[in-house]
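Here's the structure we're looking at; comments come further down.
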Number of protein chains: 2
Amino acid sequence: MDIRTLCLGVLTMGDATGYEIKKTFEDRLDLIFHASFGSIYPALNKLTDENLVSCREMSQEKRPDKKVYSITAAGRYRFLEEIMKKPAGDRFRSEYLATMMFSHLLPASTISQLIDERIADRTEKIASMLEDCPDRSPNSEQFMCGYGVAVYQAEIDYLNENRHLLEADALIGQRAAE
Amino acid sequence: MDIRTLCLGVLTMGDATGYEIKKTFEDRLDLIFHASFGSIYPALNKLTDENLVSCREMSQEKRPDKKVYSITAAGRYRFLEEIMKKPAGDRFRSEYLATMMFSHLLPASTISQLIDERIADRTEKIASMLEDCPDRSPNSEQFMCGYGVAVYQAEIDYLNENRHLLEADALIGQRAAE
DNA sequence: TCCGTTATATATCAAATCGATATATGATAG
DNA sequence: CTATCATATATCGATTTGATATATAACGGA
């Protein structure tokens, strides 16, 4: 499954421009699947070439022109083929956790600050998820929203209960450095 | 922070071959930072060119020759510089969750099976984490291990409590298709 | 008023990274 | 006897990132 496939998926939910697809990735899918402009625009061009989406250009007043994409019947079929495949394993990259892994090399104050910031960030993300995801949404979106909240809340709880492990390490490092 | 930096990080914990570094990523860092052979070997070559690591070749009986890498003083300094920087945001990609997002397009049996498999996988991962991460480990490793267990357990709990949301969607999709 | 930032919108490109493949040997399991 | 797994390194096409460029309008603060 690549970004082309995910663009098809977003388009099954309704027509959209490349910009709007990026917004959807940012707002609702970043927890699931990260994608940048540099991959979305080329993906849409290729999908258009393959007749999996159609594109109509619209000129706008007071806004740049835009290209609105619609998924075609062939596109829907292709998307179904793709999501029938066994999903590959998750791929995760967190510079934050990588930093924490080496907390014993950093000053205690830096570690504490990073943890505070993380908790604040996760708290914010939970709030915006709960706001954007009311009862009206389809079940799958509610599920995803709840999933995000559950995981982020687990992270917050864990940080609050175990931050002393890292803060102790950092203190030791600091003393050794003195 | 790139894979070169993380290789330096792994080498602060002791000398290792490229293969062993890959193992470390798989066994203990996959939750944190994904990396493949295709990026690790070139990373080590470049680090060697920059004198951030040194390399000694060792011929072995009954095993292929290997190259053991050690971090240099310059490497340690560079690594510290890198982890002092503000960490970039997490980058996540889960084909599994992407599939779940469109569960209403799939047969109910497929969804149920995927959820069962996910729970089994997470349960296994927790078990192996608890096994590999006893008290002897330094605080930061215990912290990471606990973090993984907490997040995976939250996922399992959430799936058990909310799988009906997706399974209901899939049933509806199935009826509509009939 | 002027200036910086944010939002809308598309496009491109070097650099980073993935994942598959190739090569070689020994051990272990079925 | 054969298949698979573990050790070990290397390469390469394809994918993806993240930064940058371009253009216009709105909005708020100094």
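In what follows, chains are A, B, ... by sequence order, proteins preceding strands, each numbered from 1.
- Here A:Lys22 lies out of heavy-atom contact (under 4.0 Å) with every strand.
- Judged by distance alone, with hydrogens and angles left aside, the side-chain atoms of A:Tyr96 form no donor-acceptor pair with the main-chain N or O of B:Pro87 at under 3.5 Å.
- Taking atom CZ of A:Phe25 as the reference point, atom P of D:dG18 lies 14 Å away to the nearest angstrom.
- The two atoms that bring B:Thr72 and B:Ser54 nearest to each other are CG2-N, 3.8 Å, heavy atoms only.
- Rounded to whole Å, the distance from CD on A:Glu26 to P on D:dT17 is 12 Å.
- For A:Ser39 and D:dT17, the shortest distance from a side-chain N or O to OP1 or OP2 is below 4.0 Å.
- A:Asn45 and A:Thr48 form no side-chain donor-acceptor contact under 3.5 Å, judged by distance and modelled atom types alone.
- Atom pair B:His34:NE2 and C:dT17:C1' shows a separation of 9 Å (rounding to whole Å applied).
- Following rounding to the nearest Å, A:Glu95 (CD) and D:dT17 (P) show an atom-to-atom distance of 14 Å.
- Distance NZ (B:Lys66) to P (C:dT25): 18 Å, rounded to an integer number of Å.
- Atom CG in B:Leu6 sits roughly 13 Å away from atom C1' in C:dT17 (whole-Å rounding).
- One finds a side-chain N or O of A:Tyr19 lying less than 4.0 angstrom from the OP1 or OP2 phosphate oxygen of C:dT8.
- Among all heavy-atom pairs drawn from B:Ser140 and A:Met101, the shortest one is OG-O, 3.4 Å.
- Among the atoms of the strands shown, only primed sugar atoms or phosphate atoms (P, OP1, OP2) are found under 4.0 Å from some heavy atom of B:Ala35.
- Residue B:Glu20 is the one, among A:Met1 and B:Glu20, whose nearest nucleotide of DNA chain D lies closer to the 5' end (criterion: closest heavy atom).
- Across all strands shown, B:Gly18 has heavy atoms under 4.0 Å from sugar-phosphate atoms exclusively, and none from any base.
- OP1 or OP2 of D:dT16 has not a single side-chain nitrogen or oxygen of A:Arg91 nearer than 4.0 Å.
- Between B:Lys23 and D:dT7 there is a side-chain polar atom (N or O) within less than 4.0 angstrom of OP1 or OP2.
- Nucleotide D:dT17 holds its C1' atom 12 Å from the CD1 atom of B:Ile3, rounded to whole Å.
- Across all strands shown, B:Thr17 has heavy atoms under 4.0 Å from sugar-phosphate atoms exclusively, and none from any base.
- In this structure, the nucleotide among C:dC18, D:dA10, D:dA8 sitting nearest to the side chain of B:Phe37 is D:dA10.
- When rounded to the nearest whole Å, the span between CG of A:Asp2 and P of D:dT16 equals 5 Å.
- Closest of all the heavy-atom pairs between B:Leu44 and B:Cys7 is CD2-CB, 4.4 Å.
- Set against D:dT17, C:dC18, D:dT16, the side chain of B:Ser36 has C:dC18 as its closest nucleotide.
- Here the nucleotide nearest the side chain of B:Lys67, chosen from D:dA10, C:dC18, D:dA8, is D:dA10.
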